[in-house]
Amino acid sequence: MKPNSKLLQRLRSWMGRYGQNDTLNRFLNNLALLLIVISFFIRTGWLLLIAVMLIGISYWRLFSKKIYQQVAINRGFQRFWSPIIRPFSRLKYQVKQHWQYRFFRCSQCHQRIRIPRHHGRVRITCPQCGHQFEAKV
């Protein structure tokens, strides 16, 4: 089901609850799943107990009626989490773009320039400083 489907919106308004799988809830669920998998190999009960507690916290947040408080908690978590995850999401974006585009740097202002692949030899004009150079794309 889509995250913003009409059924979920109706269910959320009917329940009057937070009912959102936001960044913090996804993080808690993924961490709990990781701890459960690790506990199968290490055979310690306390890892499984922590995982169950994390799932409990996630469900408590999911069914909470204090919507504004849960949004504030999620925003605080995002302020902490975004700088950690940002380099990885940028790397993922660059790898994804690398199949379709070729990247160059201007020799004068070091501006990064993205040119579509498979156009042969082209003359590139830097959008920032206007410097022109030729390159094979």
Side-chain angles (χ1 to χ4, degrees):
M1 223 184 302
K2 292 182 182 176
N4 293 326
S5 68
K6 287 184 180 180
L7 177 65
L8 282 178
Q9 288 175 354
R10 287 182 190 154
L11 189 62
R12 240 182 252 141
S13 67
W14 176 69
M15 287 178 62
R17 314 246 180 203
Y18 184 58
Q20 191 167 347
N21 192 17
D22 57 9
T23 310
L24 180 56
N25 274 356
R26 281 191 303 252
F27 175 77
L28 291 174
N29 289 331
N30 290 337
L31 184 61
L33 181 65
L34 180 70
L35 289 177
I36 289 171
V37 169
I38 291 172
S39 71
F40 283 138
F41 294 110
I42 297 180
R43 300 277 186 204
T44 57
W46 59 272
L47 275 179
L48 198 58
L49 179 66
I50 291 173
V52 169
M53 287 173 49
L54 289 175
I55 292 172
I57 291 170
S58 175
Y59 274 101
W60 173 76
R61 290 189 74 247
L62 192 68
F63 293 120
S64 174
K65 284 192 171 186
K66 299 178 181 178
I67 296 172
Y68 295 109
Q69 182 181 6
Q70 299 307 324
V71 169
I73 291 171
N74 185 49
R75 284 188 184 147
F77 175 74
Q78 284 179 338
R79 271 189 234 110
F80 165 76
W81 186 244
S82 291
I84 295 171
I85 203 74
R86 190 174 297 129
F88 299 107
S89 59
R90 282 184 184 162
L91 181 65
K92 178 183 171 185
Y93 177 74
Q94 286 176 357
V95 167
K96 191 176 176 182
Q97 291 283 309
H98 208 60
W99 290 99
Q100 299 159 350
Y101 297 96
R102 184 98 189 262
F103 295 92
F104 298 97
R105 288 223 179 253
C106 177
S107 60
Q108 291 185 354
C109 66
H110 303 290
Q111 171 73 29
R112 191 166 161 228
I113 305 166
R114 183 180 76 162
I115 306 294
R117 287 187 178 267
H118 310 296
H119 284 282
R121 199 151 188 82
V122 295
R123 184 167 199 80
I124 301 170
T125 303
C126 178
Q128 189 169 2
C129 68
H131 175 67
Q132 292 186 351
F133 57 95
E134 286 196 23
K136 184 179 179 198
V137 182

Report yes or no: do [X] and [Y] belong to one cluster of Ile/Leu/Val/Met/Phe/Trp/Tyr joined by side chain heavy-atom distances under 4.5 Å?
X: M53; Y: L33; answer: no
X: Y59; Y: L35; answer: no
X: L54; Y: I73; answer: yes
X: L48; Y: I55; answer: yes
X: F63; Y: W60; answer: no

- request: Check R61, Q70, R75 against D22 for a side chain to side chain donor-acceptor pair (under 3.5 Å) and give me the one that passes.
  value: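 Of all the options given, the one that passes is R61.
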task: State, yes or no, whether a side-chain contact exists between V137 and P116 at a heavy-atom distance under 4.5 Å.
output: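 No; the side chains remain at least 4.5 Å from each other.
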To the nearest 0.5 Å, what is the distance between [atom1] on [X] and [atom2] on [Y]?
X: R105; Y: R112; atom1: CZ; atom2: CZ; answer: 6.5 Å
X: I36; Y: I50; atom1: CD1; atom2: CD1; answer: 12.0 Å
X: H110; Y: Q128; atom1: NE2; atom2: CD; answer: 11.0 Å
X: F27; Y: N74; atom1: CZ; atom2: CG; answer: 12.0 Å
X: C126; Y: Q111; atom1: SG; atom2: CD; answer: 5.5 Å
X: F103; Y: R117; atom1: CZ; atom2: CZ; answer: 8.5 Å

Taking all heavy atoms of [X] and all of [Y], pick out the closest pair and write down the distance.
X: F133; Y: C106; answer: CE2-CA, 4.3 Å
X: G130; Y: T125; answer: O-CG2, 3.9 Å
X: Q78; Y: P83; answer: O-CD, 4.2 Å

task: Without swapping roles, check the side chain of T44 against the backbone of W46 for a donor-acceptor pair under 3.5 Å.
output: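 Here the side-chain-to-backbone pair does not exist.
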message: For R123, I'd like to know if atom CZ has over 12 heavy atoms of other residues, nucleotides or ligands within 6.0 Å.
response: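 Yes, the 6.0 Å shell around CZ holds more than 12 heavy atoms from other groups.
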- request: Please say whether more than 12 non-hydrogen atoms of neighbouring residues, nucleotides or ligands are located less than 6.0 Å from NE2 in H131.
  value: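 Atom NE2 in H131 is packed in, count exceeds 12.
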- prompt: Where does the angle between the aromatic ring planes of W81 and F77 fall among parallel (under 30°), tilted (30 to 60°) and perpendicular (over 60°)?
  reply: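 It falls in the parallel class, under 30°.
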